[in-house]
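Lettering follows sequence order; numbering is per chain, from 1.
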Protein chains: 2
Amino acid sequence: MNSDEKHYLAHYNSKDYPAPIYTVDTVIFTLHESELLVLLVERGNHPHKGKWALPGGFVNLEQDLDINETALRMLMAKTGVEAPLLEQVATIGNPTRDPRGWSVSTLYLALIPYTPVQQMLDSVTDVVWHPLNAVEKLDLAFDHLKLIEMATQRLQSKTAYTALPMHVLKKPFTLTQLQQAFELLLNKKLEKKSFRRRILNANLLTEVGESVQENGKGRPAALYEPSPKLDQYAFIRVFGG
Amino acid sequence: MNSDEKHYLAHYNSKDYPAPIYTVDTVIFTLHESELLVLLVERGNHPHKGKWALPGGFVNLEQDLDINETALRMLMAKTGVEAPLLEQVATIGNPTRDPRGWSVSTLYLALIPYTPVQQMLDSVTDVVWHPLNAVEKLDLAFDHLKLIEMATQRLQSKTAYTALPMHVLKKPFTLTQLQQAFELLLNKKLEKKSFRRRILNANLLTEVGESVQENGKGRPAALYEPSPKLDQYAFIRVFGG
DNA sequence: GACATTAGTGGCAAAAAGCCAATAATAGAC
DNA sequence: GTCTATTATTGGCTTTTTGCCACTAATGTC
């Protein structure tokens, strides 16, 4: 860096230039009683005060080391747990999505096993699990309905060639439970044998505890948990075509 | 909106809050003489003045209707042509990537048929096509080397289950040319029969002109162009496993 | 011990890729 | 014209993975 550039940087002030508002929002999915749920928080501030919205907010320029951490920090604040899966979906920006003006938001998608909201921290603001199927009736803040649709779409397409949905289940789980998670996400029945063959052949799961924990009737099922470090596994063919 | 919120908005000023710098950058790929090229521009301003960088910049809050348009506008300014393919790759943000401070950038990926830079507009700033394989030797501005790697990675993975690479070719093209584009992107030889069967069965191409335009010797090849509106086609299985 | 219920498997058909060799169409040499 | 080199295109069999459906396995209830 030469002295010319040093001089430029010494006098640079980002407030001298018009810039869009920048936020990070996350759609947190879970599964409970055969229903897909998303986490919503009630807005405590303007704009859209009182409406339901996605957990999200501004980057903390002092604390956050990158935008991933921004998302993780908010996730932790609202759920009190670390998400086993967090990934970026997309970024949208336009002048109309926020009444304060030109606004850009990076959308994340998180999957966590179900935890009742009562057990969560940050009880100051209202936080609820809301059925995914019913969010469109809710008059969400900003364009958050659209964001939820984008995240759902992404989750669905990844469900077709990865094993992502395993992260909405508490460990350990049975293959039948895993299949139910897939079916709810894809909105479609899957063939039992094909499903099991595919998952087991991929070696994504470790069998843990042979045939315990029954829910009442029928043959006890084998229990599995995700093998470590295989989050990014991709099948070479999509499922349920 | 109630009067309370109106009052809030009337007094809201985005400059009152610390915000990261926000930019949009695009990796523009093309193919020329059996080599993959990316478009680079020489920075005319601080910081990193004089270094090569990706085409990109700030949102124009008055003109751009969304960030897609921001990317399109810059693409048009640097190449003078409309890209047949533009899609978002990811957004990265951290306090170290730009010496001016906390900075967020949304990365796009564009594919265009080769056009010599001489024919391009905006000749004020220096613009070059640079071989993708040699960018790491170049001391690019900011984290743009990393951004190019991310875009390349995305393009490679999409090449495995879509027909995206067709957009780097001038229309019309032969199947052999298309296969070469795939092979350069995947860095791997593909099987001729499998490739042709896959592409043709998908009905992504329209045959146009039967067996014209030869480069010299051998049997003349059939010419094709992309069928309209099939950009998002995805094969149910990846290729070249 | 029969039955209901859930878990798990056997085995073949169908779809799509891998593989390799054969055939087709052109230009140029002679 | 005929032969040869070169590139394009196709035939056809093998392999891999999913789709399908019926069958077996293990448990609780009566």
Asks: For the side-chain contact (heavy atoms from CB on, under 4.5 Å) test, which of B:L184, B:L37, B:L185 pairs with B:L31?
Replies: B:L184
Asks: Start at the 5' end of DNA chain D and walk down; is the nucleotide closest to B:R237 or to B:L175 reached first?
Replies: B:L175
Asks: In whole angstroms, how far is the C1' atom of C:dA7 from the CG atom of A:L205?
Replies: 16 Å
Asks: Any idea which of D:dT18, C:dA17, D:dA8 is nearest the A:S194 side chain?
Replies: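 Nearest listed nucleotide: D:dT18.
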Asks: Does one side chain, of B:Y22 or B:T106, offer a donor that lies under 3.5 Å from an acceptor on the other?
Replies: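 The criterion, which ignores hydrogens and geometry beyond distance, is satisfied for B:T106 and B:Y22.
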Asks: Could you tell me if the side chain of A:L200 sits less than 4.5 Å from the side chain of A:L175, heavy atoms only?
Replies: yes
Asks: What nucleotide among C:dT6, C:dA17, D:dA8 has an atom nearest to a side-chain atom of A:K217?
Replies: C:dT6
Asks: Output one line per pair: protein atom, nucleotide atom from nucleotides 11-13 of chain D, and distance, for all N/O pairs under 3.5 Å.
Replies:
unit_1: D:dG11; atom_1: N7; unit_2: B:K193; atom_2: NZ; d: 2.6
unit_1: D:dG11; atom_1: O6; unit_2: B:K193; atom_2: NZ; d: 3.4
unit_1: D:dG12; atom_1: O6; unit_2: B:K193; atom_2: NZ; d: 3.4

Asks: Are B:R198 and C:dA17 close enough that a side-chain N or O sits under 4.0 Å from OP1 or OP2?
Replies: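 Looking at the OP1 and OP2 atoms of C:dA17, one of them is under 4.0 Å from a side-chain N or O of B:R198.
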Asks: Rounded off to whole Å, could you give me the CZ-to-C1' distance for the B:R196 and C:dA16 pair?
Replies: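 Whole-Å distance recorded here is 18 Å.
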Asks: Among C:dG8, C:dA24, D:dT17, which is the nearest nucleotide to the side chain of B:R219?
Replies: C:dA24
Asks: Between B:F239 (CZ) and D:dT16 (P), how many Å, whole number?
Replies: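 Whole-Å distance recorded here is 17 Å.
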Asks: What is the separation between atom NZ on A:K189 and atom C1' on D:dG19, rounded to the nearest whole Å?
Replies: 17 Å
Asks: In whole angstroms, how far is the P atom of D:dT17 from the CZ atom of A:F195?
Replies: 17 Å
Asks: Report the distance from atom CD1 of B:I148 to atom CZ of B:F29, rounding to the nearest 0.5 Å.
Replies: 7.5 Å
Asks: When the ring centroid of B:Y224 is compared with that of B:F173, is the distance short of 6.0 Å?
Replies: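 Not close enough - the centres of the two rings lie 6.0 Å or further apart.
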Asks: Can you measure from CD (B:E35) to CG (B:N133) and round to the nearest 0.5 angstrom?
Replies: 6.5 Å
Asks: Output the rounded distance in Å from CZ (A:F173) to P (C:dT6).
Replies: 21 Å
Asks: Enumerate the residues from residues 164-171 of chain B whose closest heavy atom to DNA chain D is under 4.0 Å, giving them by residue number; use none for an empty result.
Replies: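 By residue number: none to list.
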Asks: Report the distance from atom CD of A:Q179 to atom P of D:dT18, rounded to the nearest whole Å.
Replies: 14 Å
Asks: In whole Å, I'd like the distance from the NZ atom of A:K192 to the C1' atom of D:dC23.
Replies: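 In whole Å, D:dC23 C1' and A:K192 NZ are 10 Å from each other.
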Asks: Is the centre of the A:F239 ring less than 6.0 Å from the centre of the A:Y161 ring?
Replies: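 Here the rings of A:Y161 and A:F239 have centres that are no less than 6.0 Å from each other.
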Asks: How about CD on B:E207, more than 12 heavy atoms from neighbouring residues, nucleotides or ligands closer than 6.0 Å, or not?
Replies: yes
Asks: Any side-chain heavy-atom pair from A:V238 and B:R237 closer than 4.5 angstrom?
Replies: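 Heavy-atom side-chain distance check fails, nothing below 4.5 Å.
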